[in-house]
2 protein chains.
Amino acid sequence: LLRLRGVGKVYEAGEHAVVGLEGIDLDIHPGDFLAVMGPSGSGKSTLMNILGCLDVPTTGSYELKGTPVSSLSPEALAAIRNREVGFIFQVFHLLPRYTALRNVELPLLYAGVGKEERAQRALEALRAVGLEDRKGHLSNQLSGGQKQKVAIARALVNRPSLLLADEPTGNLDSRSGEELMAILARLNAEGSTIVLVTHDLAIARNARRIVYIVDGRLVTEDRYREL
Amino acid sequence: LLRLRGVGKVYEAGEHAVVGLEGIDLDIHPGDFLAVMGPSGSGKSTLMNILGCLDVPTTGSYELKGTPVSSLSPEALAAIRNREVGFIFQVFHLLPRYTALRNVELPLLYAGVGKEERAQRALEALRAVGLEDRKGHLSNQLSGGQKQKVAIARALVNRPSLLLADEPTGNLDSRSGEELMAILARLNAEGSTIVLVTHDLAIARNARRIVYIVDGRLVTEDRYREL
Ligand SMILES: Nc1ncnc2c1ncn2[C@@H]1O[C@H](COP(=O)(O)OP(=O)(O)OP(=O)(O)O)[C@@H](O)[C@H]1O
Ligand SMILES: Nc1ncnc2c1ncn2[C@@H]1O[C@H](COP(=O)(O)OP(=O)(O)OP(=O)(O)O)[C@@H](O)[C@H]1O
Ligand SMILES: [Mg+2]
Ligand SMILES: [Mg+2]
């Protein structure tokens, strides 16, 4: 499904260059459930942005179902992002002056889903994360954990074939974290591919396998544990 | 130092009222190190905003060193906030187009500290969280954990007598979490009062005592554990 070969990402920040990722070779198969762990600043979100077609590598290639992403037009890329990929961002990225319901409807709006079905499916997604009673709250009228749950509902509402979850439990109490992992397990059982970034080993263990990133490179578990 | 009596907070959200907090009686002594735990949406950030004079209770009273906060002028309140209180927000609130260094300098700017001393103390604070080499990055050029560390450095740079940390480790790897707890332990040993909201029991145990909030009320540990 997803194949990264020699992928690197270099950022410019002021006068110096920062290596975000280096020499990444990674295969992710359909239906995979992969956890990504690594220290702060190691490149995990950078990897997720590339997987989700939100950013492009500086070097190397990324193939999605055999097609090099670099050969796709901006429209084709946008289409993939909107229909195939669900993204739970590390810093939520909700629209502050829109309600929880509106925020969750957004991917359905992009997918051209009709008004009534949209509202109904968005409500179901909010119900799945226990926030039906907050549907009318503006997203800046929600607690931190509630914002994270709305971000989760939004990522799931399109039943994406690829779900990218970047530290989705950082602001959740342990019970909500478990509830989320149950949702992800069910989604994976139904065939979705899941990539989950987390600092929490207990959360990572819900995945089928774990990869480790240190200083922009994939490393063995032993190397990661040495730190 | 801080005394809450019968404190309540009601929010208006659309047509219905939401109870954020209810009947809070709490004493926090100088040099205390208090952890606050509770489920998502239980009222922890609401409590922190009131303690930090960023919001006012709808009912009850809040006294700071014997002075009712409700009797203070806006200028006096702002003065207390800027000089006495350090706040690590749950969602960072950094200025995205300013560098890490500028962001950390901000409280010193409000406190009227001169240009050279400001830059030097901000750099020291960044060094304390291991981010000296990111000082020139704009805050939107930082990883999630790095943003959280800049937010931490900013809260500490004024050596506040009251530090309010709202889920400061949510985006940090466990090692960075331990480093932060060492910083807080040192600050507390030097006399600062610390209130720390966290979902992580391992983090909460670094405090001297723990209080629990469920549905806006302070409850016993047993009640919290029942959930
Ligand atoms: N500005 C607001 N307007 C309306 N309701 C609000 C507002 N801010 C918070 N609330 C509601 O008040 C309750 C308490 O919110 P608070 O942010 O204090 O929770 P919390 O304990 O910090 O949760 P979390 O662990 O998720 O951060 C929540 O149910 C939330 O929906
Ligand atoms: N837009 C940017 N410009 C410059 N440097 C950046 C940018 N985004 C990230 N970086 C740098 O690239 C490195 C990797 O960042 P990334 O966000 O991928 O880390 P991460 O593993 O997700 O960290 P965390 O666990 O803290 O979220 C970091 O050192 C960061 O400072
Ligand atoms: Mg990240
Ligand atoms: Mg909160």
Side-chain angles (χ1 to χ4, degrees), chain A residues 11-16 18 20 37-46 48 89-92 94 96 99-101 129-131 133-138 140-149 166-177 179-180 197-202 214 224 227, chain B residues 11-16 18 20 37-46 48 89-92 94 96 99-101 129-131 133-138 140-149 166-177 179-180 197-202 214 224 227:
Chain A
Y11 293 110
E12 310 292 323
E15 316 118 16
H16 63 253
V18 176
M37 299 193 76
S40 220
S42 56
K44 305 179 297 296
S45 296
T46 303
M48 296 293 263
F89 293 95
Q90 189 170 4
V91 273
F92 322 146
L94 301 177
T99 61
L101 192 75
V129 296
L131 281 184
D133 67 346
R134 287 286 180 274
K135 66 180 190 283
H137 279 230
L138 304 186
N140 61 11
Q141 290 174 332
L142 297 171
S143 78
Q146 290 167 345
K147 282 177 185 140
Q148 196 156 35
K149 289 180 186 184
D166 195 346
E167 301 199 33
T169 62
N171 275 291
L172 299 180
D173 54 57
S174 45
R175 180 184 208 179
S176 305
E179 288 167 355
L180 171 63
V197 168
T198 182
H199 282 304
D200 189 333
L201 191 56
V214 173
Y224 168 72
L227 293 172
Chain B
Y11 294 109
E12 309 294 320
E15 318 116 13
H16 63 253
V18 175
M37 300 194 77
S40 220
S42 56
K44 306 179 297 298
S45 296
T46 303
M48 296 292 264
F89 293 95
Q90 191 171 3
V91 273
F92 322 146
L94 300 178
T99 61
L101 191 75
V129 295
L131 281 184
D133 67 346
R134 289 283 179 272
K135 66 181 191 283
H137 279 230
L138 303 188
N140 61 9
Q141 291 174 330
L142 296 172
S143 78
Q146 289 168 345
K147 283 177 182 136
Q148 197 156 33
K149 289 181 188 184
D166 195 348
E167 302 198 32
T169 63
N171 276 290
L172 299 180
D173 53 58
S174 44
R175 179 184 211 180
S176 304
E179 288 167 357
L180 171 64
V197 167
T198 182
H199 282 302
D200 189 332
L201 192 56
V214 173
Y224 168 73
L227 291 172

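All chains are named by letter (A, B, ...) in the order of the sequence lines, taking the proteins before the strands, and each is independently numbered beginning at 1.
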Between B:Ser143 and chain A, which part of the residue has a heavy atom less than 4.5 Å away: side chain, backbone, both or neither?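 Side chain only.
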
Which one wins on heavy-atom pair count under 4.5 Å against chain B: [options]?
| options | answer |
| --- | --- |
| A:Gly136, A:Ser42, A:Pro39 | A:Pro39 |
| A:Thr198, A:Val91, A:Asp200, A:Leu172 | A:Leu172 |
| A:Ser40, A:Gly170, A:Gly38, A:Gly20 | A:Ser40 |

For B:Gln90, all residues meeting side-chain contact (heavy atoms from CB on, under 4.5 Å), sequence neighbours excluded: A:Asn171, B:Ser45, B:Asp166, B:Glu167

Would a 4.5 Å heavy-atom cut-off, applied to side chains only, mark B:Gln141 and B:Gln146 as touching?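 No, too far: nothing below the 4.5 Å cut-off.
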
In terms of heavy-atom pairs under 4.5 Å, which option from B:His16, B:Arg175, B:Lys44, B:Met37 contacts chain A the most? B:His16

Distance, nearest 0.5 Å, that separates [atom1] of [X] from [atom2] of [Y]:
| X | Y | atom1 | atom2 | answer |
| --- | --- | --- | --- | --- |
| A:Leu142 | A:Leu131 | CG | CG | 7.0 Å |
| A:Lys149 | A:Leu180 | NZ | CG | 9.5 Å |
| A:Asn140 | A:Thr99 | CG | OG1 | 11.5 Å |

